[in-house]
Amino acid sequence: MRVLILGSGGREHALYRKIKESPRQTRVFVWPGNGLVPGEDRVNAAAIAADFSPLADFIAREKIDFTVVGNEAPLVAGVRDYLKDKFKNHAVFGPDALGAQLEGSKAFSDDFMREANIPHGSSVIADSLSEALNALPAQELPLVLKADGLAAGKGVSIHHDYASAEEKLKEIFDGRIFGDSGNRVLLQKFLHGTEASLFALCNGKDALLLPVARDYKRALTGDEGENTGGMGAYCPGDNLNDAQKNYVREYIIEPVLKKFAYRGLLYVGLMIRSERADDLAVVEFNCRFGDPETQSILPLIEGDALEYLLWTDDAQPQNFPLIVSGAAKLVPYRRGTVVNVVLAARGYPGAFAKNIPLQFPDSASAELHVTGAGIESRDGALFSTSGRIANVVAWGKDRAAARERAYAYLREFSAANAGAIEQLYWREDIAASL
Ligand code: GLY
């Protein structure tokens with residue numbers, strides 16, 4: 001089987017590593033990948049967003065059997081629909097354009113959750129600055145503002161006072177910092193609790209749950225600073241019990257399957273308030289694997305991940321082992337914990353330097369590896385290209401051991417990059433607490 005993965009981040013690099021372990025693959029490409037993916041497996045072309053004809057040419061030329069869509073932009077632009085129309089017998093991982101709207105439009109997602117009685121943070125939707133400013137004084141603080149459309153993980157901000165919310169709304173509507181993605185904004189109730197990322201592989205009718213991961217979205221140690229795409233993660237996250245998983249399967253994932261015949265990965269971002277099965281709420285749906293959670297989840301998955309991914313497209317019968325617990329079917333995973341600490345450019349998610357030279361100590365092992373994200377290789381040397389640069393991914397027999405291994409590597413990394421360390425940062429508390 002010849003496989004093509006679309007995307008360039010740590011998530012796509014993790015998918016590449018996992019799919020390469022499959023005895024069924026004969027070739028795995030990543031388009032465009034990053035500087036830590038072996039050069040011979042990278043497609044040296046601009047990332048696929050909304051123009052799919054170069055993709056169709058490549059699939060035909062390279063006889064690709066299965067396209068795994070890593071990032072949201074092509075899904076929202078309809079890549080699944082396009083490829084299914086263009087090729088007979090071509091398998092695709094990811095939802096159709098309608099299902100992808102659960103991430104592509106936060107207002108669409110909010111409407112759906114309201115209709116389906118899915119617990120979530122209630123929202124007011126504003127289509128103009130004046131509508132948003134009129135609604136603002138009636139909102140409780142803290143308040144969450146969400147750009148309706150895709151904003152590369154930067155569209156959500158949390159406000160503890162009305163003045164900063166007003167300033168942000170002006171930046172979005174007048175300054176157009178998110179372009180058309182900010183034509184509509186959600187003013188949303190802030191949800192208190194601990195976060196859990198639950199990923200479900202869906203085949204239109206049924207869902208398989210992956211082990212829960214915990215993502216750390218704030219930029220700085222101690223959960224301070226701005227919201228980011230995610231600064232680290234660990235798996236398994238231990239704050240979602242079996243009754244809660246069953247509740248999510250029955251009352252949150254089932255309505256998505258019924259309404260959208262959803263296929264691919266459904267990312268259910270949850271806020272957990274207590275141990276009671278229904279004392280939780282959806283923070284967000286996404287239509288693809290999470291980043292950086294995936295880098296922590298995939299190394300723990302037992303068996304051939306390619307089979308699980310193909311099952312979502314009906315390209316593989318369900319002949320793999322599963323754990324059944326009430327309404328929930330779970331993908332088996334091995335013991336231990338995987339911690340992923342994101343190496344970022346100082347200033348991210350605001351302004352940051354690019355082109356930072358990087359050296360990775362050669363102490364990777366079966367228990368530790370580094371996946372690339374915003375990084376490129378030029379003449380055998382590595383340089384940063386964006387805010388989230390790489391992921392240090394460590395396994396340990398428990399959370400503390402995995403964490404210790406990841407941070408020991410980062411101490412070595414600091415020494416090897418003494419000249420550039422002022423331009424880099426990472427959180428010091430990934431997996432230190434729930
Ligand atoms: N880690 C958050 C996301 O992938 O959207």
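When a ligand or atom number is given, it counts from 1 through the structure's own listing order.
Heavy atoms of P292 approach ligand 1 to within less than 4.0 angstrom. At a 4.0 Å cut-off, at least one heavy atom of G290 sits close enough to ligand 1 to count as contact.
Using cut-offs of 30° and 60° on the angle between ring planes, the pair F58 and F29 is perpendicular.
Distances between N or O atoms of F289 and those of ligand 1 include no value under 3.5 Å. Between N286 and ligand 1, at least one pair of N/O atoms sits closer than 3.5 Å. Considering both main-chain and side-chain atoms, E284 never comes within under 3.5 Å of ligand 1 through any nitrogen or oxygen pair.
Listed by atom number, the atoms of ligand 1 under 4.0 Å from R288 heavy atoms are 3 (C), 4 (O), 5 (O).
Residues satisfying the side-chain contact (heavy atoms from CB on, under 4.5 Å) test with A107, not counting sequence neighbours, are S105, I125, D148, R184, L186.
Under 3.5 Å, the side chains of H90 and D65 contain no donor-acceptor pair of N or O atoms. Judged by distance alone, the side chains of N246 and E250 never bring a donor and an acceptor atom under 3.5 Å apart.
Proximity of R11 to ligand 1, defined as any heavy-atom pair under 4.0 Å, is not found for any part of the residue.
Screening residues 139-159 for ring pair (Phe, Tyr, Trp, His ring centres under 6.0 Å), with sequence neighbours left out, gives no hits.
For the ring-ring contact (aromatic ring centres under 6.0 Å, His included) criterion with F199, the lone passing option out of Y333, Y308, Y267 is Y267.
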